[in-house]
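The structure appears below as structure tokens.
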Amino acid sequence: MRIAVTYENGQIFQHFGHTENFKIYDVSEGKVTDSKVIGNNGTGHGALATLLAESGVDVLICGGIGGGAQMALAQAGIKLYGGVTGDADAAVEALLKENLNYNPDVKCDHHGEHHEHGNCGSGGCGSSCGH
């Protein structure tokens, strides 16, 4: 299994469509066997799902994510765990232990570009992004 996490400075980056890096974890028999950080190759939003699919990713852990990106991930066969905050490595370990705290109804609508993306997580992006 291969898990991707939106990644910035060891933490889960809170806006999928604007993430510049993913940390990719290779998992075998319930344990992380390798990890590396990859860039987004200058792509954003829907194209990121294609990048992840081409990288062989099975699962994505992220903060906020919009509906279009969710659909693109679903079409690529990538399982989504959204609305997650905190340390990226700890989130992967929690997922492997089947106790990851995530929001199955995560939404993030950022089409009115009037807010600060850097603090998206503190604006409630993990549930329904209404800031």
Side-chain angles (χ1 to χ4, degrees):
M1 176 171 55
R2 183 168 269 187
I3 302 170
V5 180
T6 53
Y7 189 77
E8 183 177 64
N9 298 323
Q11 301 295 302
I12 298 167
F13 188 71
Q14 290 300 298
H15 186 169
F16 174 78
H18 287 266
T19 192
E20 293 183 8
N21 296 297
F22 293 96
K23 189 166 184 181
I24 307 291
Y25 300 81
D26 289 320
V27 176
S28 180
E29 298 178 14
K31 297 198 181 323
V32 174
T33 58
D34 192 27
S35 66
K36 64 184 175 189
V37 177
I38 65 167
N40 69 3
N41 295 331
T43 61
H45 290 94
L48 291 172
T50 302
L51 172 70
L52 294 175
E54 289 172 352
S55 297
V57 168
D58 303 297
V59 174
L60 171 69
I61 298 173
C62 69
I65 183 168
Q70 289 181 28
M71 286 177 34
L73 289 168
Q75 289 173 345
I78 297 172
K79 184 161 178 54
L80 172 65
Y81 292 90
V84 183
T85 60
D87 182 81
D89 294 348
V92 170
E93 289 299 322
L95 178 65
L96 295 178
K97 292 176 183 166
E98 298 183 8
N99 64 0
L100 178 64
N101 184 15
Y102 71 100
N103 180 351
D105 299 316
V106 67
K107 299 279 184 290
C108 196
D109 299 315
H110 285 284
H111 299 292
E113 300 290 319
H114 61 277
H115 64 281
E116 296 294 320
H117 291 291
N119 64 2
C120 190
S122 63
C125 216
S127 56
S128 64
C129 197
H131 55 113

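On a predicted model such as this, the values are computed, not experimentally measured, just so you know. Sequential numbering from 1 along the given sequence is applied to the chain's residues.
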Donor-acceptor contact present, side-chain Asp89 to main-chain Gly10, <3.5 Å = no
Should we count CG of Asp87 as having more than 12 external heavy atoms under 6.0 Å?
-> yes
Heavy-atom side-chain contact between Asp58 and Val27 under 4.5 Å = no
Give a yes or no on whether the backbone of Ile65 and the side-chain of Gln70 come within a donor-acceptor separation of less than 3.5 Å.
-> yes
Heavy-atom side-chain contact between Ile38 and Ser55 under 4.5 Å | yes
Under 3.5 Å donor-acceptor, Gln14 side chain and Val84 backbone = yes
To the nearest 0.5 Å, how far apart are CG in Asn101 and CG in Leu95?
-> 12.0 Å
Which value, rounded to the nearest 0.5 Å, describes the distance between Glu93 atom CD and Asn99 atom CG?
-> 10.0 Å
ILVMFWY cluster, Tyr7 and Leu60 together (side-chain gap under 4.5 Å) | no
Beyond-backbone contact of Val5 with Tyr25, side-chain heavy atoms, under 4.5 angstrom = yes
Taking all heavy atoms of Thr33 and all of Ser28, pick out the closest pair and write down the distance.
-> CG2-CB, 3.7 Å
Asn103 side chain vs Asp105 backbone, donor-acceptor pair below 3.5 Å | yes
Quick one: are Leu48 and Thr6 in side-chain contact, heavy atoms under 4.5 Å?
-> no
Starting at CG of Leu52, measure out to CD1 of Ile78 and round the result to the nearest 0.5 Å.
-> 5.0 Å
Sort and list the pairs that fulfil side-chain hydrogen bond (donor to acceptor under 3.5 Å, both in side chains) and have at least one residue in residues 73-82, not counting sequence neighbours.
-> none
Report yes if the side chains of Arg2 and Ile24 come closer than 4.5 Å at any heavy-atom pair, otherwise no.
-> yes
Heavy atoms only: give me the nearest Ile12-Ala91 pair and the separation to one decimal.
-> CD1-CB, 3.6 Å
Cluster overlap Phe16 with Val37, hydrophobic side-chain contacts below 4.5 Å = no
Linking I/L/V/M/F/W/Y whenever any side-chain heavy atoms sit under 4.5 Å apart, do Val32 and Met1 land together?
-> yes
Which heavy atom of Ala72 sits nearest a heavy atom of Ala49, and at what distance?
-> CB-CB, 3.6 Å
